[in-house]
2 protein chains.
Amino acid sequence: MGTASCCGERIVLMKLNTGTNAGSDSGTRGEAGGQPPVRSSGSIGGDIRALRRSRGWTLTDLAERLERSVGWLSQVERGQSEPALADIRTVAGLFDLPVSFFFSQSPDTAEAPYVVRGDSRRTMSDEGKGLVESLLSPDLGGAFEIVHSVFAAGARCPEPFVRPTEEAGYVIEGSLTLFIDGERFELNQGDSFRFAGETVSWVNEGDVPAVLIWVIAPPVY
Amino acid sequence: MGTASCCGERIVLMKLNTGTNAGSDSGTRGEAGGQPPVRSSGSIGGDIRALRRSRGWTLTDLAERLERSVGWLSQVERGQSEPALADIRTVAGLFDLPVSFFFSQSPDTAEAPYVVRGDSRRTMSDEGKGLVESLLSPDLGGAFEIVHSVFAAGARCPEPFVRPTEEAGYVIEGSLTLFIDGERFELNQGDSFRFAGETVSWVNEGDVPAVLIWVIAPPVY
DNA sequence: AGAATGAAAATCTGATTGATTTTTTCATTC
DNA sequence: GAATGAAAAAATCAATCAGATTTTCATTCT
């Protein structure tokens, strides 16, 4: 486990500007048609599809790693079939997410497609790495991702990372030191930043947690 | 003046998914080539270009409204010529921005391309409308826009709006009531939301200002 | 019954080309 | 040095087609 979109661990293969999952179907809102018995979004299947796409993988790519057929995966992603627990574990491992992520949907209220309450966010990284990231959008997918990130006092990015994404953030609380292409920036409450393509790393040199809003486009989770 | 990206006043004509200004050239970072004497980004010209594009206008479209030639506008946008004050006033009017916006660049430090300090954001809307929006990214353009928005106590969106964008936000302080396609959502500190294509409006029914981070893709400013 | 497969059918994506639009360049005038 | 206008260059768009990806579905498995 122990993910970190703000870290180098996660590597995105997809090209920029593909516009692939730019709010088209991978999203949730809408859910128009009415035949399929299980909704595919805001569900495990929808998550898997969004995750797969954020990596630029095809059904075949993922099916191979899962040692399952493509047809089955297609059905799972569209909610027409349920994956076994073992499959979910494998998927979680592949995407470096806690298994709990797939079961921490917001309660199935009417507001689910639009609103995420502060106390029911889905967390991507578990404690212990010094960084806790949780999703602020109702589901994976869309043109960008908003993440609520808490960097523990003293936490440090294991190694610099580069991603084919555009990223920006805002410091809500505490302070965080960011290194962008070697340059050092001390960000305090109210400061914001943006980068795209640079080599980045971070440290929380303060003695309180740093709380940031971090936006990434296209999504990496 | 009195703009409001969170309001219906601003109408975006561009199609979705064009991927036009998706972090390609409209951005800043880089500034590689070395001939042109004036840098075009982080400058008035760069702003005008980004604004024009966010509306889906061509040089011709804007030149007509400015009653200037296309060649001249091209030069202005690339910093090879300076617009007269009168032109800037017209541009500000066209894009519904305060003239000051074009002169409130961050100080020309090394961090300018990456960081915006809390005390030197560029403000898009002036006081008095109940909504103050300021830019959290170093410049206009890019795949999305992060805005710091303060909704005064009692402020209300003049009329519902629809935009061809994907938008998400996070409540830092206070609370804001959002109407998405008729449904009412009371958002409090720590809550977040996302919508795309729906009809939206808002009110701050609380007695303190609501402070939000608001993300819009593609940019509307 | 529902998971899972495999293969055919449908859909989507990417590359190509040429026509059109948009942008840049530049010699010239204000 | 601003500003124009027209030629040159570059970027965009629509149509097309081949190949890749996804969906569907009849069938088998548990």
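Each chain gets a letter, A, B and so on, in the order its sequence line appears, and its residues count up from 1. Excluded from the calculations below are hydrogen atoms, water molecules and symmetry mates; all remaining heavy atoms, backbone and side chain alike, are included.
Figure legend. C:dA7 is base-paired to D:dT24; pairs are counted as Watson-Crick or G-U wobble with both atom distances under 3.5 Å. Across the strands present, C:dT16 finds its partner in D:dA15; the criterion is a Watson-Crick or G-U wobble pair with both atom distances under 3.5 angstrom.
If you look at A:Phe95 and A:Trp57, their ring centroids are closer than 6.0 Å. Under the 6.0 Å cut-off for aromatic ring centres, B:Trp202 and B:Phe151 qualify, their centroids lying closer than that.
Toward the 5' end of DNA chain D, the nearer of the two residues A:Trp72 and A:Thr58, judged by each one's closest nucleotide, is A:Thr58.
The nearest whole Å value for the distance from the CD atom in A:Glu82 to the P atom in C:dA4 is 10 Å. Taking atom CD of B:Gln75 as the reference point, atom C1' of D:dG1 lies 10 Å away to the nearest angstrom. B:Gln80 has its CD atom 14 Å from the P atom of C:dA27, to the nearest Å. Counting to the nearest Å, the C1' atom of D:dA3 and the CG atom of B:Leu66 are 13 Å from each other. If you take CD of A:Glu77 and P of C:dA4, they are 14 Å apart, rounded to a whole angstrom. Look at CG on A:Leu62: it is 10 Å from P on D:dT22, rounded to the nearest Å. In this structure, CG of B:Leu59 is placed 7 Å from C1' of C:dT22, rounded to the nearest angstrom. Atom CG of B:Leu73 and atom P of C:dT22 are 13 Å apart (whole Å).
In this structure, B:Ser69 reaches the bases: a heavy-atom distance under 4.0 Å links it to at least one base atom across the strands shown. A:Ser74 comes within 4.0 angstrom of a nucleotide base, judged by non-hydrogen atoms across all strands.
Separation of atoms CG (B:Leu97) and CG (B:Asp47) is listed at 9.0 Å; rounding is to 0.5 Å.
Under 4.0 angstrom from either OP1 or OP2 of C:dT13 there lies no side-chain N or O belonging to A:Arg53. A:Arg78 has a side-chain polar atom (N or O) that falls below the 4.0 Å cut-off from OP1 or OP2 of D:dT24. The phosphate of C:dT23 has OP1 or OP2 within less than 4.0 Å of a side-chain N or O from B:Arg52. Within the structure, every side-chain polar atom (N or O) of A:Arg49 is placed at least 4.0 Å from both OP1 and OP2 of D:dT22.
Looking at heavy atoms from C-beta onward, B:Ile88 lies in side-chain contact with B:Phe103 at the 4.5 angstrom threshold.
Note on ring orientation: taking the six-membered ring where Trp is involved, the planes of B:Trp214 and B:Phe195 are perpendicular (angle over 60°, cut-offs 30° and 60°).
Among the nucleotides D:dA3, C:dT5, D:dT23, the one closest to any side-chain atom of B:Arg68 is D:dA3.
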